[in-house]
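Take a look at the structure set out below.
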Number of protein chains: 4
Amino acid sequence: MTNEGNRGRPRSQQARQAILDAAAALLLERALSEVSMDAVAQRAGVSKATIYRWWPTKEALALDALYAEWNTVRPFPRDTGSLRGDLLSLLRPWARLASSRPYGRVLAALLTTAQSDPVFATEYRQRFVEPRRDQARALFQRATERGEIPAGTKIDVALDLLYGPLYHRLLHGHAPLTDRFVRDVVDMALDGILPGPA
Amino acid sequence: MTNEGNRGRPRSQQARQAILDAAAALLLERALSEVSMDAVAQRAGVSKATIYRWWPTKEALALDALYAEWNTVRPFPRDTGSLRGDLLSLLRPWARLASSRPYGRVLAALLTTAQSDPVFATEYRQRFVEPRRDQARALFQRATERGEIPAGTKIDVALDLLYGPLYHRLLHGHAPLTDRFVRDVVDMALDGILPGPA
Amino acid sequence: MTNEGNRGRPRSQQARQAILDAAAALLLERALSEVSMDAVAQRAGVSKATIYRWWPTKEALALDALYAEWNTVRPFPRDTGSLRGDLLSLLRPWARLASSRPYGRVLAALLTTAQSDPVFATEYRQRFVEPRRDQARALFQRATERGEIPAGTKIDVALDLLYGPLYHRLLHGHAPLTDRFVRDVVDMALDGILPGPA
Amino acid sequence: MTNEGNRGRPRSQQARQAILDAAAALLLERALSEVSMDAVAQRAGVSKATIYRWWPTKEALALDALYAEWNTVRPFPRDTGSLRGDLLSLLRPWARLASSRPYGRVLAALLTTAQSDPVFATEYRQRFVEPRRDQARALFQRATERGEIPAGTKIDVALDLLYGPLYHRLLHGHAPLTDRFVRDVVDMALDGILPGPA
DNA sequence: CGGTAATCGAGACGGTACGTCATGTCTTACA
DNA sequence: TGTAAGACATGACGTACCGTCTCGATTACCG
């Protein structure tokens, strides 16, 4: 960014952290559109110019702030011996985290920005979406090695079949995102809606 | 709303339509946050006060405008004789419409508002989500009567399993929302990821 | 300016006056550079946008505000029967007004802007300088008709010879702008520094 | 100022000169308010802190920079044998210098600061005003010794009568500051507007 | 058919946030 | 210690949008 030759006054890490903390706190209080940069600056005890020096837009700041908040709890999926168990141990913590606080509000706002800004969209996906998909992909790899699923299985579709319903409930809110729902999704995705051939 | 006794000058339907058209046109051009009420008023040749008389917020207007735009093409699912065929005939037009224009941009914005406004959220779901779910529900009803699926099938989960992945791709854009993808989702949702019991 | 066809909400004269009053009050308190548009807006109970709608810059506003303040006292020169008496009755009130309050501060600031903005300079002169010169010119006209001064007298030089010293003391402040000084200037300008030819 | 014991790294005279040159160059390009300390620092290849170490304000720097620029041409009034000739040889170079470049712009800005800062005002007058008045005073002294003017002549008023009109045209710009004007001012100041007693 | 009442376009209004810019101070590493 | 680089807190800038308002003009119905 700036300060390439390590010359001049170094960036204040204290200010950086205060900004992220303030932004995260405000984002959990109210909608992104209701959070003003002035408010973030004031709560962080920081100049608005300092925020804009490091984050180009409010959305970019929200992305970083939410990511920091989000990653304080980093789930660690266990190897349960079966794809079903592995998926449950991966998705249940995600669902609990996602619904534990008004994260959906921020995610929706970020998603809105991503619709019009491809660079932002990529950044968003790399932070929030891809890591989870990679974890799930590893589970499917393990299941393939175990022989649980055939080699030709379309993994990317399977990933959408699992995460899609969770995001759907998180964002649309037509029904709650419970542990029970996660189990139902995993079961139905694995076994299918139609009864297996007798 | 107003004018209960039908007294005074009646509401101009011409103005109403011009506003909806202008809003729709602008929403397909740019993000909701980039569309100002002044711009809508100017494009519609209408006073800002006239807009606010009939729509409380920009989001409410966007909801109506998108709905009008969205419903110009109303898919009509055929009875294909099988749940698989029915679902394809229901979901494929939806996916085509959803990805035919930058509707995702508007939907994401409406969804963002819905996160903080329960009344708006209900309105949004009643317009865009529930009708589709009702249609799908009818297909499942038909399948149950046909004996394709058992009586205890959790329909709501199944609905999320089908629409969730579609919304997921529409909103996250990590991969395109193609006919092929719709088919893969339907197949995998119906048959399951795991191979059926031999 | 705007509102050519008398359409739309008419300009609030109340707001206009409140802005001018607030600006004048602040300008008498502190330097123009210390007066912020926010402060004027707040003191006037008015939106900043309303100020900018009618005045392009802070300096233009200051010009209007000072002019209103300045013109509350409008001196009326009497015909005293002699050029000397006429000039005294014209210049003494000017000097008293100019030094009665910190007008020099504002005038210097306006003058500074005028140095870089020809349009503003013209406006400034038309408001503050030309009317006074016109008044003085009339006195000289009367004196010519009386036969006090010859026909070929360079009036414009004479005007500078009278107003120049007054502005000089007002702006440079190397000595006070007293009634006594005005009398001395008038006397010396009329009679000359050198003793008349015996 | 600082560095009384001559300890540590000595002040860079090179930096000092570069700062003054940069400031002078920028001040001749645009108004003082348009000249930022950052711009001066950058043009001088110097740190902003270095400027502030030696000059408390932008105005103080401008004062020094203009003074250096101004004094590159230092007029040397000749003894012409008459007060009229002496004054012309003093004032004509001043007027030429003053109108040769946009010095009026800087002078007006300094004058504006002087209105609110008595210390700065004194400094300004000691640099730009008093030396010229002292020179003129000497001419009047010579004229008194020659018997050209009576002993009781109010010299300070006479000085204002001469410099006042010049500053007036320089700052107000209602008419150009030509050699012709200087001659007219000297003539009219010496001889008076009224015809001498026959 | 004239009065009443709600609508309309136009556009000014108070308010709030925006993103930028300049000021003057500071913190580092180097000279 | 002086310096260049540059980050920092502060605070004003001028713009844009929001949602409300005040006009005069229009258009129905109702008496």
Side-chain angles (χ1 to χ4, degrees), chain A residues 2-12 14-15 33-39 41 45-54 56-58, chain B residues 2-12 14-15 33-39 41-42 44-54 56-58, chain C residues 2-12 14-15 33-39 41-42 44-54 56-58, chain D residues 2-3 5-12 15 33-39 41-42 44-54 56-58:
Chain A
T2 327
N3 207 352
E4 299 188 25
N6 272 344
R7 300 192 299 182
R9 179 174 175 173
R11 174 171 186 188
S12 163
Q14 185 180 337
S33 65
E34 306 296 318
V35 174
S36 73
M37 291 301 247
D38 285 270
V46 140
S47 156
K48 224 183 354 165
T50 298
I51 303 182
Y52 279 106
R53 192 190 309 278
W54 302 108
T57 63
K58 188 162 67 173
Chain B
T2 327
N3 205 355
E4 298 189 27
N6 272 343
R7 304 201 304 174
R9 177 176 176 173
R11 174 173 186 187
S12 162
Q14 184 180 337
S33 64
E34 308 296 319
V35 175
S36 72
M37 291 301 248
D38 285 271
Q42 187 167 5
V46 140
S47 160
K48 231 185 346 168
T50 300
I51 303 182
Y52 279 106
R53 192 186 311 276
W54 303 109
T57 64
K58 186 164 68 173
Chain C
T2 327
N3 208 352
E4 298 187 26
N6 273 344
R7 299 192 299 183
R9 178 174 176 173
R11 174 171 186 187
S12 162
Q14 185 180 336
S33 64
E34 306 297 319
V35 175
S36 74
M37 291 301 248
D38 285 273
Q42 187 167 4
V46 141
S47 157
K48 226 184 352 166
T50 299
I51 303 182
Y52 280 107
R53 191 190 311 277
W54 303 108
T57 63
K58 187 162 67 174
Chain D
T2 326
N3 202 359
N6 274 342
R7 304 197 306 173
R9 179 173 175 175
R11 173 173 186 188
S12 163
S33 65
E34 307 296 318
V35 175
S36 72
M37 292 301 248
D38 285 271
Q42 186 167 5
V46 139
S47 159
K48 231 184 348 168
T50 301
I51 303 182
Y52 279 107
R53 189 185 310 279
W54 304 108
T57 64
K58 185 163 69 171

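Residue numbers start from 1 in every chain, and the chains themselves are labelled A, B, ... in the order their sequence lines are given, proteins ahead of strands. What you see below is based on every heavy atom in this structure, not just the backbone, and it leaves out hydrogens, waters and symmetry mates.
- Between A/Arg11 and F/dG6 there is no side-chain N or O to OP1 or OP2 distance below 4.0 Å.
- The interatomic distance linking C/Gln14 (CD) with F/dT22 (C1') rounds to 13 Å, in whole Å.
- For F/dG6, the OP1/OP2 oxygens have no side-chain nitrogen or oxygen of A/Trp54 closer than 4.0 Å.
- Checking E/dA6, E/dT27, F/dA28 against the side-chain heavy atoms of B/Arg9 singles out E/dA6 as nearest.
- Heavy-atom minimum distance, A/Met37 versus A/Ile51: CE-CG2, 3.7 Å.
- Sequence order on DNA chain E of the closest nucleotides to A/Thr57 and B/Ser12 puts B/Ser12 first from the 5' end.
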Expected rows: protein N/O vs nucleotides 10-13 of chain F N/O, under 3.5 Å:
from   : atom 1 : to      : atom 2 : distance (Å)
F/dC13 : OP1    : C/Met37 : N      : 3.4
F/dC13 : OP1    : C/Lys58 : NZ     : 3.3
F/dC13 : OP2    : C/Met37 : N      : 2.7

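- Across the protein-nucleic acid pair, D/Arg53 atom CZ and F/dT1 atom P stand 10 Å apart, rounded to whole Å.
- Each of B/Ser33 and C/Pro56 has a nearest nucleotide on DNA chain F; the 5'-most of these lies closest to C/Pro56.
- Taking atom CD1 of A/Ile51 as the reference point, atom P of E/dT20 lies 13 Å away to the nearest angstrom.
- The two residues A/Ser47 and A/Ala41 come nearest to each other via the heavy atoms C-CB, 4.1 Å.
- Nearest heavy atoms, B/Val35 versus B/Lys58: O-NZ, 2.9 Å.
- Put simply, CD on B/Glu34 is 12 Å from C1' on E/dC18, counting in whole angstrom units.
- OP1 and OP2 of F/dC30 both lie 4.0 Å or more from every side-chain N or O belonging to B/Arg7.
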